[in-house]
Amino acid sequence: MEPGTTRLETFSDGVFAIAATLLVLEISVDSTAGHHLGSALLHLWPSYLAYVTSFVTIGIIWMNHHTCVETMRRADRTLLFLNLLLLMTVAFLPFPTRLVAEHLQKPGEQAAVYAYAATFVVMAIVYNAWWRYASSGRRLIADGVPQSRLEAITRAFNPGVPIYAVTLAVAALSPLASVFLTFGVAAFYLPSAALFERGGEPA
């Protein structure tokens with residue numbers, strides 16, 4: 001028998017939690033700041049922006065991952081492989097987040113934001129492939145899940161890749177605008193993440 005989804009979800013939850021926790025480690029203040037600590041904290045705004053954007057995005061992906069897995073009755077080796085690819089991109093996110101925190105509004109900012117935006121594009125592509133493999137022909141879907149729910153989730157996934165492709169394109173014109181756009185996407189969809197199963201959230 002092919003395994004159910006319990007181990008898949010347990011392992012995934014662990015990776016999501018570790019990736020989200022590692023983000024805060026990228027925020028640090030120079031030990032020599034001394035009496036200028038207040039000014040130093042203010043100048044860390046790129047780190048705060050990158051941290052909040054990445055953390056909220058990981059949180060949304062985690063919530064939607066849970067909703068999708070709830071519809072599945074089992075997981076085969078292909079789904080497990082795709083899930084590993086998804087988790088690999090999630091675990092990688094702290095690295096480009098650090099690049100943005102260190103280089104935004106400084107030399108090298110465009111390369112840093114390219115890496116950041118490209119990571120989101122790859123994540124969206126893999127996430128789409130993961131869901132479409134599981135749901136195509138109801139391959140891994142539980143019998144009691146209504147088709148309308150699957151269609152709503154699929155529709156919600158559709159904007160993911162184009163949205164993040166736009167943030168990547170914007171980085172060529174304005175790295176700062178690209179990061180703010182990525183933050184805007186996360187902020188806009190966070191309240192509707194709980195409505196994902198009704199089609200309210202793109203991956």
Side-chain angles (χ1 to χ4, degrees), residues 12 15-20 22-23 26 46-69 78-106 108-136 152-193 196 199-203:
S12 300
V15 174
F16 284 127
I18 292 171
L22 289 176
L23 291 173
E26 309 304 334
S47 296
Y48 305 145
L49 175 62
Y51 167 76
V52 172
T53 300
S54 298
F55 189 93
V56 171
T57 301
I58 288 177
I60 292 171
I61 293 173
W62 169 71
M63 286 186 283
N64 296 344
H65 186 273
H66 175 71
T67 297
C68 291
V69 172
T78 301
L79 183 73
L80 293 175
F81 176 72
L82 291 172
N83 197 68
L84 282 177
L85 292 182
L86 173 62
L87 296 179
M88 182 173 67
T89 61
V90 171
F92 181 76
L93 189 56
F95 172 63
T97 299
R98 185 184 69 187
L99 294 180
V100 169
E102 292 178 349
H103 297 284
L104 194 62
Q105 298 288 275
K106 299 176 183 177
E109 69 169 348
Q110 191 166 62
V113 176
Y114 274 146
Y116 191 60
T119 300
F120 283 107
V121 171
V122 173
M123 188 183 301
I125 291 173
V126 175
Y127 206 5
N128 269 267
W130 174 85
W131 168 250
R132 293 177 195 282
Y133 173 78
S135 62
S136 179
I153 294 176
T154 299
R155 286 195 303 272
F157 267 93
N158 290 337
V161 175
I163 285 176
Y164 288 118
V166 168
T167 67
L168 181 60
V170 170
L173 303 174
S174 172
L176 180 60
S178 176
V179 176
F180 272 112
L181 180 59
T182 304
F183 172 77
V185 171
F188 178 78
Y189 285 112
L190 179 60
S192 62
F196 181 57
E201 167 64 37

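Keep in mind that this is a model prediction, so the values were computed, not measured.
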Problem - Flag, side chain of Thr53 to backbone of Ala50, donor-acceptor distance under 3.5 Å - result: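 Looks like no, no N/O pair under 3.5 Å.
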Which pair of non-hydrogen atoms, one from [X] and one from [Y], has the smallest distance, and what is that distance?
X: Trp131; Y: Thr154; value: NE1-OG1, 3.0 Å
X: Ala101; Y: Ser47; value: CB-OG, 3.3 Å
X: Pro159; Y: Ala156; value: CD-O, 3.2 Å
X: Gln110; Y: Ala171; value: NE2-O, 3.2 Å
X: Ala129; Y: Leu82; value: O-CD1, 3.8 Å
X: Gln105; Y: Glu109; value: N-OE1, 2.7 Å

Exercise for the section: For the residue pair Trp130 and Tyr127, categorise the inter-ring angle as parallel (less than 30°), tilted (30 to 60°) or perpendicular (more than 60°). Expected result: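 The rings of Trp130 and Tyr127 sit tilted, inter-plane angle from 30° to 60°.
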As an exercise, state the distance from [atom1] of [X] to [atom2] of [Y], rounded to the nearest 0.5 Å.
X: Leu93; Y: Phe120; atom1: CG; atom2: CZ; result: 4.5 Å
X: Leu86; Y: Ile125; atom1: CG; atom2: CD1; result: 12.5 Å
X: Ile153; Y: Asn158; atom1: CD1; atom2: CG; result: 12.0 Å

Practice task
May I have the step-by-step check of side-chain contact (heavy atoms from CB on, under 4.5 Å) for Phe92 and Thr119, ending in yes or no?
Solution key: CA-CA 8 Å; Phe92 181 76; Thr119 300; 3.6 Å; yes
Practice task
Inspect the surroundings of CZ in Phe81 and state if more than 12 heavy atoms from other residues, nucleotides or ligands are less than 6.0 Å away.
Solution key: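 Atom CZ in Phe81 is not crowded, with 12 or fewer foreign heavy atoms closer than 6.0 Å.
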Exercise for the section: Under the side-chain contact (heavy atoms from CB on, under 4.5 Å) rule, collect the residues that match up with Leu23, sequence neighbours excluded. Expected result: Tyr51, Ser54, Phe55, Ile58, Pro94, Thr97
Problem - Residue list, side-chain contact (heavy atoms from CB on, under 4.5 Å) with Ser12, at least two apart or on another chain - result: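 By the side-chain contact (heavy atoms from CB on, under 4.5 Å) rule, Ser12 matches Leu8, Phe16, His65, Asn83, Leu87.
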Practice task
Please step through side-chain contact (heavy atoms from CB on, under 4.5 Å) for the pair Ser135 and Phe157, ending with a clear verdict.
Solution key: CA-CA 12 Å; Ser135 62; Phe157 267 93; over 6 Å; no
Donor-acceptor list for residues 173-187 side chains, cut-off 3.5 Å, not counting sequence neighbours:
from, atom 1, to, atom 2, distance (Å)
Ser174, OG, Ala177, N, 3.2
Ser178, OG, Thr167, O, 2.6
Thr182, OG1, Ser178, O, 2.9

Practice task
Taking the side chain as every heavy atom from C-beta outward, state whether Tyr164 and Thr57 have any pair of such atoms under 4.5 Å apart.
Solution key: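 When only atoms from C-beta onward are counted, Thr57 and Tyr164 do touch, with a gap below 4.5 Å.
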